[in-house]
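To start, the structure under review is shown below, and the notes come after it.
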There are 2 protein chains.
Amino acid sequence: MKQPKVTVVDVARAAGVSKSTVSLVLQGSSLVNEATRARVGAVIRELGYVYNRSAANLRQSKSKIVGIVVNDLTNSFFAELAVGMDMVVQSAGYIQFMANSAENADRQAEVIASMREHGMAGLILSPARGTTAADLRPLVDSGIPVVLVARNVPGLKVSSVVSDGHAGAAAAVQHLIDLGHRRIAFLGGFNDTAVFDERMRGYRDAMHEAGLNGSDELVFSSAPSRAGGVAAVERLLSTADRPTAALCFNDAVAFGACDGLRSARIEPGVDFGVIGFDDVIEAKTAVPALTTVSVDPQGMGRRAAQLLLKQINSGDFEHEALVASVRLVVRESCGAAQRMKREAVTA
Amino acid sequence: MKQPKVTVVDVARAAGVSKSTVSLVLQGSSLVNEATRARVGAVIRELGYVYNRSAANLRQSKSKIVGIVVNDLTNSFFAELAVGMDMVVQSAGYIQFMANSAENADRQAEVIASMREHGMAGLILSPARGTTAADLRPLVDSGIPVVLVARNVPGLKVSSVVSDGHAGAAAAVQHLIDLGHRRIAFLGGFNDTAVFDERMRGYRDAMHEAGLNGSDELVFSSAPSRAGGVAAVERLLSTADRPTAALCFNDAVAFGACDGLRSARIEPGVDFGVIGFDDVIEAKTAVPALTTVSVDPQGMGRRAAQLLLKQINSGDFEHEALVASVRLVVRESCGAAQRMKREAVTA
DNA sequence: TTGACAGTTTGGAACGTTCCAATTATTGGA
DNA sequence: TCCAATAATTGGAACGTTCCAAACTGTCAA
């Protein structure tokens with residue numbers, strides 16, 4: 001079955017033209033006669049010719065490949081992010097190397113190196129935990145555009161698209177305060193990441209502004225996963241002066257928190273307010289529906305990809321830092337619905 | 001910042017050897033003298049030389065690239081599948097083009113064509129709905145190994161890795177029967193897919209074997225999503241002779257079914273038995289924990305990737321059809337836990 | 001001293017494309 | 001009829017690598 005591979009020269013011979021003409025046809029040049037174009041096109045289809053891009057960009061050294069490296073494809077937030085990038089990359093006629101670093105910086109370095117050898121035109125990176133500016137410096141210095149997404153790498157001057165964690169966290173806390181909560185916890189996440197820092201500062205600032213205590217005894221860090229959420233809320237429940245609501249590092253943690261609360265016969269959204277972060281797809285349909293800070297990961301992915309393509313095409317080295325705005329989506333888990341019901345009865 | 005790009009010739013000049021020697025060093029050939037190897041290695045690091053794989057495999061025409069096309073990365077089952085493939089592909093020193101077809105066959109065709117132009121050595125495809133054998137024939141005929149995963153394409157002779165939907169569905173139904181259910185529904189999924197067919201046959205066969213009615217009035221098809229599950233269970237609840245349990249097409253549908261049941265004040269796992277399919281990550285931690293047929297998507301992904309790499313390396317055209325075995329994971333949503341409690345009380 | 005041999009190194013052709021400069025064919029105006 | 005201009009086509013060099021056959025070095029036995 002193995003075809004002996006047909007090249008532009010074979011096509012040329014079969015169509016009775018030179019390889020240069022075939023090349024012109026391939027690039028849709030307006031220089032070539034309509035009849036010739038048609039004839040060559042027919043031969044191409046007939047012979048089953050497949051364009052060899054490697055050979056092409058060996059000559060012109062500008063590939064239509066971008067690299068996408070994501071820290072955890074298993075997390076639906078990042079999966080959505082990837083899907084968003086995929087959409088715009090694909091529509092722009094590019095194709096992507098895509099790899100999952102699984103939060104492993106070494107593996108991340110390996111795949112980036114490999115992508116570089118294969119001639120990628122640019123990279124979108126959602127960096128693994130522990131990625132340093134030094135890891136990426138050689139790549140950046142070589143003039144390949146890099147866009148960081150979702151997480152930043154301190155000290156690295158490249159473009160980035162991140163969500164406004166500070167504003168989101170602050171809005172969420174404010175909402176809980178409006179609902180009457182006074183002891184509000186911060187649940188989940190590792191405190192060595194920039195994202196954690198930012199959301200945490202939003203939480204603290206909002207607490208302070210309302211004259212409330214946002215001290216360390218109210219923060220329960222944990223793995224940013226569902227299991228981590230369960231663990232964190234268990235610790236929370238065993239404290240003396242128990243909080244009545246919590247802002248969670250992300251939705252996974254929030255779901256875990258709900259699970260943990262329920263195991264303790266505390267109904268999330270009724271007896272305890274829970275707010276997540278990210279607005280993962282499941283947030284809307286979960287029971288109770290999760291009040292959360294929506295960050296539109298697909299949109300972020302799209303913007304990141306657009307930014308990268310812009311840099312690739314313009315060849316400029318202006319760095320842009322996009323902050324995706326964020327919006328609190330009030331559903332059931334924070335208790336807002338309950339309160340409205342109470343108020344209706346009182347009235 | 002833009003480096004003028006250093007090639008093997010530059011390295012050769014700087015190290016005082018010929019480009020052939022540098023090439024030999026690059027390939028780790030044993031022909032080259034230890035001292036020379038060291039010197040060349042040093043120069044490579046010093047100049048920041050980056051190997052150009054496109055150029056290389058232009059000459060040797062065997063790339064280290066595989067293509068992965070998945071129908072819906074947003075669904076965590078397929079995301080896990082992708083992660084599994086990523087693992088083995090990466091460890092084998094390959095890199096992957098990865099794209100999301102979003103169930104769109106045209107888009108799928110486009111990305112596959114693009115990957116082909118970029119010189120992929122093989123393809124793993126989780127086909128979009130509506131993919132026909134004809135769509136893939138040219139690729140297959142050209143001698144590029146293809147492995148189908150999760151779904152089959154009727155009439156196409158290539159290797160595949162699919163889960164044993166028949167056995168899984170039958171086991172699930174048998175379990176519900178053992179728990180005392182007699183009217184058991186089949187919920188969700190589109191009836192135009194091979195996967196649906198297979199699970200459906202497992203359901204029917206198990207019902208018949210037990211002398212039960214598995215007729216059409218008990219199957220409620222819908223989109224294979226959480227929302228679809230909600231819709232399907234609503235239809236189910238409005239029927240006259242209401243079933244007491246349901247096997248769902250997949251976990252997403254099962255979660256939706258639970259949501260729908262709860263909205264109707266029916267507690268899944270207590271008043272109604274629900275079983276899912278796939279054992280998505282969230283199944284374990286959901287409330288109630290989902291009884292489901294576990295298919296280990298990561299494992300399937302790994303096996304698919306191994307199969308593809310084997311075919312690439314051996315160049316053979318033996319087609320293997322792997323059926324991933326499947327196992328019922330009994331948790332809470334089917335009511336088994338409840339029954340055990342009852343029995344304990346009775347005893 | 002020569003030849004055989006192993007251990008190293010090397011020049012140049014080849015891979016499939018693009019691009020440039022040059023060539024040929026066609027047209028229209030003077 | 002001839003020239004200029006335009007339209008279409010073309011050969012060959014170049015891109016960065018690998019591979020082959022050939023060449024060079026040194027060692028050792030004859």
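Both backbone and side-chain heavy atoms feed into the values below; hydrogens, waters and symmetry mates do not. Sequence lines set the chain letters: A, B, ... in the order given, protein chains first and strands last, and positions in each chain run from 1.
Looking at A:S114 and A:E110, their side chains never bring a donor and an acceptor atom within 3.5 Å of each other. B:E80 and B:S76 share no side-chain donor-acceptor pair at under 3.5 Å.
Considering all non-hydrogen atoms of both residues, B:S126 and B:A150 come closest at OG-CB, 4.2 Å.
Note: NZ (A:K62) to P (D:dA14) measures 20 Å, nearest angstrom. Atom pair B:L58:CG and C:dA13:P shows a separation of 17 Å (rounding to whole Å applied). Atoms NZ (B:K64) and P (D:dT17) sit 18 Å apart, rounded to a whole Å. Taking atom NZ on B:K19 and atom P on C:dT10, their separation rounds to 10 Å, with Å as the unit. C:dT18 atom P lies 14 Å from atom CG of A:L31, rounded to whole Å.
With DNA chain D read from its 5' end, the first of the two nearest nucleotides for B:V50 and A:T36 is the one closest to A:T36.
Contact annotation: side chain of A:R59 to base of C:dT18, donor-acceptor pair present below 3.5 Å. Contact of A:S18 with D:dG11 (side chain to base): no donor-acceptor pair of N or O atoms is detected under 3.5 Å.
Among the heavy atoms of the strands lying under 4.0 Å from A:T7 are primed sugar atoms or P, OP1, OP2 only; no base atom is included. Across all strands, A:L26 comes closer than 4.0 Å to no nucleic acid atom at all (heavy-atom distances).
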